[in-house]
Asks: 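Pasting a structure below so you can have a look.
When reading the values below, keep in mind they use all heavy atoms of this one structure, side chains included, and skip hydrogens, waters and symmetry mates. All ligand and atom numbering here is 1-based and tracks the order in the structure.
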Amino acid sequence: MPLAERQLIASIRCAAKLRSSALVTGIGDDCAVLRVPRGHETLVTTDFSLEGIHFRREWHPAESVGHRCLTRGLSDIAAMGGQPLAAFLSLALPNDLDQSWADEFLKGLLALARRHKLPLAGGDIAQSPAGVLADITVLGSVPKGRAVLRSTARPGDLIYVTGALGASAAVVEALYAGLQLDRSKLDAHFYPQPQIAIGRYLRERKLATAMIDISDGLSTDLSHICEESRVGGVINETAIPIAKLTSPKVQLRHALHGGDDYQLLFTARPKTKVPRRIAGVAITPIGEITRSRNLTVKSADGTKRQLTSQGWQHFQQNPND
Ligand SMILES: [Mg+2]
């Protein structure tokens with residue numbers, strides 16, 4: 001192992017030290033040993049953060065890349081109503097990368113981990129032939145049989161979203177356009193917070209019938225719930241909470257189709273009393289699940305149009321290149 005790699009592991013081990021009742025043995029043995037609470041099931045999720053696809057080194061500070069890498073995993077645990085137990089990071093770095101980049105990446109990742117009392121319990125480091133490749137695995141737990149699934153929405157259920165949507169997509173568009181941005185006011189894109197507390201709240205009180213996190217965009221993620229539940233849905237365009245930024249301006253299309261918001265999209269029976277705010281975050285009803293398996297958007301004047309899922313296109317193609 002090159003010395004740099006050994007040093008990196010040592011600094012991860014040092015920085016990742018965090019006492020957790022779930023962690024029996026962490027970094028330093030062949031496997032981590034985890035203790036899952038009695039009567040719980042284990043949740044596992046894994047997500048890539050690839051340079052040129054999920055981030056660009058010239059646009060994203062390393063600290064933001066580390067933060068967003070872990071947010072992707074934590075947001076999936078939130079979407080099941082789970083409690084995160086431990087994270088595992090596999091990181092491949094090109095050999096021309098500054099050590100300070102790796103340090104800042106870890107700083108961002110570990111700061112978010114600490115906020116959720118989540119130990120970094122293992123992983124792997126390798127040399128990448130090109131670009132930074134990070135793969136985060138997050139383990140979580142949920143009481144047996146209580147995970148909130150995508151497949152259990154029913155006709156008549158109301159559709160809700162947490163927070164506001166579209167900021168991240170609007171920022172990405174502005175980055176492509178080469179606009180000067182004040183990054184310190186754009187945490188929604190650079191430092192999005194996974195909605196762990198809301199997911200847990202909804203699961204503990206049995207408020208949600210189905211749930212997903214909005215990582216690919218409202219239109220795509222709602223279609224996932226509808227496909228898995230074999231239902232359709234109608235969204236009221238005027239009800240969608242569009243994020244407010246001074247610059248860039250967030251538009252409806254960003255809120256409808258933009259990804260990387262990491263808010264939660266869930267359904268609840270029409271009689272269920274869903275609070276207007278949970279953990280300080282607004283909860284907004286935006287539509288209804290239908291028996292007919294179409295996805296439609298209703299405009300302010302009552303006209304309906306088909307809602308087509310427009311996948312999130314990340315940073316692959318730069319229209320200005
Ligand atoms: Mg997800």
Side-chain angles (χ1 to χ4, degrees), residues 41-50 53-55 65 67-90 109 112-113 116 118 134-142 146-153 159-169 172 188-189 191-203 208-229 231 233 254-268 278-279 281 283 286 289 295 309-315:
E41 290 169 328
T42 309
L43 305 171
V44 187
T45 177
T46 161
D47 286 282
F48 269 129
S49 292
L50 307 177
I53 295 181
H54 302 100
F55 68 92
V65 178
H67 176 106
R68 294 171 86 238
C69 173
L70 182 56
T71 291
R72 290 164 65 75
L74 284 175
S75 184
D76 282 331
I77 300 291
M80 308 299 286
Q83 182 66 27
L85 295 180
F88 297 81
L89 173 70
S90 293
L109 189 147
L112 180 61
H116 292 276
L118 182 73
D135 183 30
I136 192 83
T137 299
V138 181
L139 270 76
S141 77
V142 71
R146 298 253 65 99
V148 185
L149 307 178
R150 296 178 179 184
S151 54
T152 38
I159 303 167
Y160 295 83
V161 292
T162 66
L165 305 179
S168 195
V172 170
H189 175 73
Y191 296 93
Q193 296 299 329
Q195 301 293 6
I196 295 285
I198 302 178
R200 265 192 71 161
Y201 183 102
L202 294 169
R203 187 260 302 159
T209 50
M211 185 150 60
I212 189 169
D213 65 313
I214 304 181
S215 52
D216 294 328
L218 174 60
S219 58
T220 301
D221 291 316
L222 178 61
S223 78
H224 290 322
I225 281 197
C226 289
E227 273 164 34
E228 294 300 321
S229 298
V231 292
H254 298 129
L256 267 179
H257 306 297
D260 281 354
D261 280 320
Y262 303 109
Q263 296 295 340
L264 296 174
L265 170 65
F266 65 94
T267 56
I278 299 173
V281 176
I283 310 292
I286 59 165
I289 294 293
L295 275 184
S309 304
Q310 292 175 15
W312 179 222
Q313 65 157 306
H314 298 296
F315 299 94

Asks: Could you report the tightest heavy-atom contact between Ala153 and Ile225, atom names first, then the distance?
Replies: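 Answer, listing the atom of Ala153 first, then Ile225: CB-CG2, 4.0 Å.
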
Asks: According to ring-ring contact (aromatic ring centres under 6.0 Å, His included), who are the partners of Tyr201, at least two apart in sequence or on a separate chain?
Replies: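 ring-ring contact (aromatic ring centres under 6.0 Å, His included) check on Tyr201 returns nothing, list empty.
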
Asks: Please enumerate all residues that pass salt bridge (charged side-chain N to carboxylate O under 4.0 Å, His left out) together with Arg200, with sequence neighbours excluded.
Replies: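 With neighbours one apart ignored, the set is Glu204.
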
Asks: Can you name the residues that form a side-chain contact (heavy atoms from CB on, under 4.5 Å) with Thr45, not counting sequence neighbours?
Replies: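 With sequence neighbours excluded, Thr45 shows a side-chain contact (heavy atoms from CB on, under 4.5 Å) to Asp47, Asp76, Ile77, Val138, given in chain and number order.
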
Asks: Let me confirm one number: the OG-CG distance from Ser309 to Leu256, rounded to the nearest 0.5 Å.
Replies: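 So the OG of Ser309 and the CG of Leu256 are separated by 10.5 Å.
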
Asks: Could you report the tightest heavy-atom contact between Gly81 and Val142, atom names first, then the distance?
Replies: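 Heavy atoms only, the tightest pair is O-CG2, 4.0 Å.
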
Asks: Suppose the cut-off is 2.8 Å; how many protein N/O/S atoms fall inside it around the Mg ion (ligand 1)?
Replies: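 For the Mg ion (ligand 1), the figure is 2.
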
